[in-house]
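Every value quoted in this text rests on a predicted model; they were computed, and no experiment measured them.
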Amino acid sequence: MHLAVECTGLKKTYPGKPPVEAVRGIDLAIAEGECFGMLGPNGAGKTTTIGILEGLLEPTAGAVRILGMGWRDHGRAIRERIGISLQETKFSEKLTVRETLTLFRSLYRSGIAPAEAIARVSLEDKADTWVKNLSGGQKQRLAVAAALVGDPALMFLDEPTTGLDPHSRRQLAEIIRQLRRHGRTTLLTTHYMEEAERLCDRVAIVDRGRLIALGQPRELIARLGGRHVVEFSVESPAAMRLPPETWSTLPAVTGCRCEDGVIHLSVTEPHLVLPALLEWLAARNWRLASLTTRHGSLDDVFVGLTGRPIEPAGEANS
């Protein structure tokens with residue numbers, strides 16, 4: 001198996017009193033052709049890690065190889081074969097989409113025509129529009145097109161859908177799927193867990209600068225979060241004050257937490273849990289106030305590992 005990205009013992013510490021350890025020893029191996037997701041809350045160290053892999057930051061410690069090469073000896077060769085779309089890209093406001101991509105294409109010795117890059121991100125009707133007149137979603141697609149124009153073997157997409165409306169998020173998701181179909185490697189950072197579940201072959205969950213889980217989304221959900229989640233509340237205040245271990249004695253329950261007055265059970269077999277739960281409540285004359293079931297998610301995996309949910313979007317990442 002050929003590796004597109006390999007890093008070992010990756011660390012990044014920013015000076016200060018006290019020093020800030022943004023990345024605390026991350027090991028990754030990403031195969032060629034893989035869509036790989038790096039997930040975690042704001043401040044987890046995702047952006048710092050990807051900045052090191054992109055050659056934009058120097059690590060404090062650790063080794064990095066991109067497409068079999070090291071940045072120190074093969075920086076120009078690596079840049080020719082990667083594409084980067086940052087969290088926010090500033091373009092010249094008075095260039096058109098076509099002019100912008102023509103400029104970016106001139107930076108590479110080989111690549112695809114600007115018109116093809118425009119077509120891949122579905123901006124044909126905006127080709128002659130000034131950048132300042134594009135919507136937020138259109139500007140984000142332009143940023144991806146600028147990363148595509150060099151026909152990269154490896155794409156870095158850092159939080160590409162943050163702040164976008166649902167329609168723009170779906171369009172960018174289709175672009176990522178196209179990259180996979182063309183055999184390109186994609187490294188995607190996001191805090192939208194459901195996005196990673198749909199798009200990524202494997203995911204790494206990062207928290208506080210450390211890698212806390214790695215694997216296929218379905219495998220992580222089954223192993224760490226439970227395949228299903230039962231969420232319920234009880235009318236009796238006494239029931240809601242019970243310790244979580246009380247509910248963990250029900251059959252097929254692998255984890256339990258209480259959040260905002262709702263009890264969340266991670267379970268393997270809902271058909272075993274639900275009758276037992278109803279029987280347990282009936283024996284105490286307690287009535288359900290609400291009850292829902294759903295499939296487990298990577299959000300549940302993160303909560304199970306850290307004891308807290310992913311923070312809302314909108315804060316600065318480290």
Side-chain angles (χ1 to χ4, degrees), residues 1 3-5 26-41 44-46 49 157 161 169-170 173 176-177 180 185-233 243-260 262-280 290-311:
M1 178 181 66
L3 295 178
V5 176
I26 287 180
D27 299 334
L28 286 176
I30 303 172
E32 290 183 356
E34 189 172 20
C35 182
F36 188 91
M38 184 175 292
L39 318 179
K46 304 186 306 295
T49 299
L157 300 176
T161 60
R169 286 180 64 188
R170 285 194 295 271
I176 295 170
R177 293 188 185 97
R180 178 196 277 172
T185 308
T186 305
L187 176 53
L188 169 73
T189 69
T190 182
H191 51 244
Y192 294 126
M193 296 295 204
E194 77 286 355
E195 185 173 80
E197 287 178 44
R198 292 196 310 269
L199 297 174
C200 298
D201 300 303
R202 287 190 304 143
V203 297
I205 300 179
V206 179
D207 186 44
R208 295 172 179 166
R210 299 186 187 278
L211 186 66
I212 60 173
L214 175 67
Q216 297 176 353
R218 289 184 180 179
E219 184 267 333
L220 288 179
I221 292 167
R223 178 162 54 91
L224 301 172
R227 292 184 178 87
H228 304 273
V229 177
V230 175
E231 299 172 332
F232 67 95
S233 59
E245 308 86 69
T246 304
W247 310 105
S248 297
T249 60
L250 293 170
V253 173
T254 60
C256 175
R257 62 185 172 91
C258 184
E259 182 181 326
D260 298 328
V262 177
I263 297 165
H264 304 255
L265 302 180
S266 298
V267 306
T268 55
E269 298 177 279
H271 67 282
L272 296 180
V273 178
L274 291 174
L277 172 62
L278 295 175
E279 182 180 343
W280 197 89
S290 65
L291 175 67
T292 61
T293 63
R294 61 176 174 82
H295 290 290
S297 69
L298 287 174
D299 277 305
D300 299 308
V301 171
F302 185 83
V303 171
L305 289 169
T306 67
R308 67 186 195 280
I310 294 287
E311 290 93 342

Check the angle between the aromatic planes of His295 and His228 and answer parallel, tilted or perpendicular using the 30° and 60° thresholds.
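The arrangement is tilted - the two ring planes meet at 30° to 60°.
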
In sequence, state the C-alpha distance, the side-chain angles, and the governing distance for Ile176 and Glu195, and then conclude on side-chain contact (heavy atoms from CB on, under 4.5 Å).
CA-CA 11 Å; Ile176 295 170; Glu195 185 173 80; over 6 Å; no

Shortest non-hydrogen contact between Pro270 and Pro275, atoms and distance
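Shortest heavy-atom separation between Pro270 and Pro275 comes out as O-CD, 4.3 Å.
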
Check Val301 against Ile221 and note the closest heavy-atom contact, atom names and distance.
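Smallest heavy-atom distance, with atoms named: CG2-CA, 3.6 Å.
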
Enumerate donor-acceptor pairs with a distance under 3.5 Å from any side-chain N or O in residues 199-208 to protein atoms, sequence neighbours excluded.
unit_1: Asp201; atom_1: OD1; unit_2: Arg180; atom_2: NH2; d: 3.3
unit_1: Asp201; atom_1: OD2; unit_2: Cys35; atom_2: N; d: 2.8
unit_1: Arg202; atom_1: NE; unit_2: Glu34; atom_2: OE2; d: 2.5
unit_1: Arg202; atom_1: NH2; unit_2: Ala29; atom_2: O; d: 2.7
unit_1: Arg202; atom_1: NH2; unit_2: Glu34; atom_2: OE1; d: 3.2
unit_1: Arg202; atom_1: NH2; unit_2: Glu34; atom_2: OE2; d: 3.4
unit_1: Asp207; atom_1: OD1; unit_2: Arg308; atom_2: NH2; d: 2.5
unit_1: Asp207; atom_1: OD2; unit_2: Arg308; atom_2: NH1; d: 3.3
unit_1: Asp207; atom_1: OD2; unit_2: Arg308; atom_2: NH2; d: 3.2

Side chains of [X] and [Y]: closer than 4.5 Å at any heavy-atom pair?
{"X": "Phe302", "Y": "Leu220", "value": "no"}
{"X": "Asp300", "Y": "Arg294", "value": "yes"}
{"X": "Glu194", "Y": "Ser297", "value": "no"}
{"X": "Glu231", "Y": "Glu259", "value": "no"}
{"X": "Thr186", "Y": "Leu157", "value": "yes"}
{"X": "Leu28", "Y": "Phe36", "value": "yes"}
{"X": "Leu274", "Y": "Leu291", "value": "yes"}

Please determine, by modelled atom types, if Thr254 and Ser266 share a side-chain donor-acceptor pair under 3.5 angstrom.
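There is no such pair (donor and acceptor under 3.5 Å, judged by atom type) between the side chains of Thr254 and Ser266.
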
Counterpart residues, side-chain hydrogen bond (donor to acceptor under 3.5 Å, both in side chains), relative to Arg223 (two or more places apart)
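Counting only residues at least two positions away or on another chain, Arg223 forms a side-chain hydrogen bond (donor to acceptor under 3.5 Å, both in side chains) with Glu219.
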
Check the pair Val273 / Val253 against side-chain contact (heavy atoms from CB on, under 4.5 Å), numbers first and verdict last.
CA-CA 7 Å; Val273 178; Val253 173; 4.2 Å; yes

Please list, chain by chain and in numerical order, all residues satisfying side chain to side chain contact (heavy atoms under 4.5 Å, CB included) with Thr185, sequence neighbours excluded.
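Per chain and number, Thr185 pairs via side chain to side chain contact (heavy atoms under 4.5 Å, CB included) with Ala4, Ile30, Glu32, Leu154.
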
